[in-house]
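Let me begin by presenting the structure, written as structure tokens, before commenting on it.
Residue numbers run from 1 in the order of the sequence given. As the structure lists them, so they are numbered: ligands from 1, and atoms in each ligand from 1.
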Amino acid sequence: MSIAKKRLDPFCDPKKIGEQAYYESKYTYAIYDLFPVVKGHTLIVPKRHVSGIAELTDAEAVDLVMTIKRVVPKLLKIYRADDSYNIVAQIGPYSGRTVNHLHIHIIPRNKYDMYSEYNDKLYKDLRKYELDGIAMHAVAPEIERLRKIFKYKERE
Ligand SMILES: [Zn+2]
């Protein structure tokens with residue numbers, strides 16, 4: 001394996017993106033988080049490898065925000081999120097990020113979720129869940145469900 005391949009992060013890896021994606025636009029994917037803190041936890045990921053927002057072209061930045069605009073209302077409906085969600089991005093080496101490829105967390109919320117009384121715990125758990133992890137098979141049914149709703153076909 002070459003050094004370049006070893007450095008492939010999960011969001012540059014077509015196989016991993018292929019497993020998790022449920023929506024895509026010209027420059028952006030919406031993928032299901034492998035370590036969801038709540039059901040519906042989604043990542044908005046630019047297709048091109050960038051570390052931060054400033055590196056996006058104008059067209060990519062518009063496309064990324066348009067993807068959020070298209071995905072969020074459906075997520076809120078599907079996960080009964082009472083018009084509530086968190087948008088979180090960890091950018092830069094001191095932000096707590098685990099993957100150096102820009103990704104924006106969309107976390108549907110409602111008054112019955114486990115963070116409703118302790119909102120700050122959500123940010124701790126974002127990292128904890130990534131470190132503890134759960135298996136792909138645990139989130140696969142949710143990805144399938146969203147693919148049907150978004151009429152997304154996995155690429156071969
Ligand atoms: Zn990347």
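Looking at Glu144 and Lys148, no side-chain N of the basic residue comes within less than 4.0 Å of a carboxylate O on the acidic one, giving no salt bridge. Between Lys16 and Glu19, none of the side-chain N atoms (NZ, or NE/NH1/NH2) sits under 4.0 Å from a carboxylate O, so this pair counts as no salt bridge.
Of all the N, O or S atoms in His49, the one closest to the Zn ion (ligand 1) is ND1. Checked against the Zn ion (ligand 1), the N, O or S atom of His101 at the shortest distance is ND1. Within Asp9, the N/O/S atom positioned nearest the Zn ion (ligand 1) carries the name OD2.
The closest donor-acceptor contact from the side chain of Asp9 to the backbone of Val99 lies at 3.5 Å or more, if one exists at all. Proximity of a side-chain donor or acceptor of Lys111 to a complementary backbone N or O of Ala81 within less than 3.5 Å is not detected.
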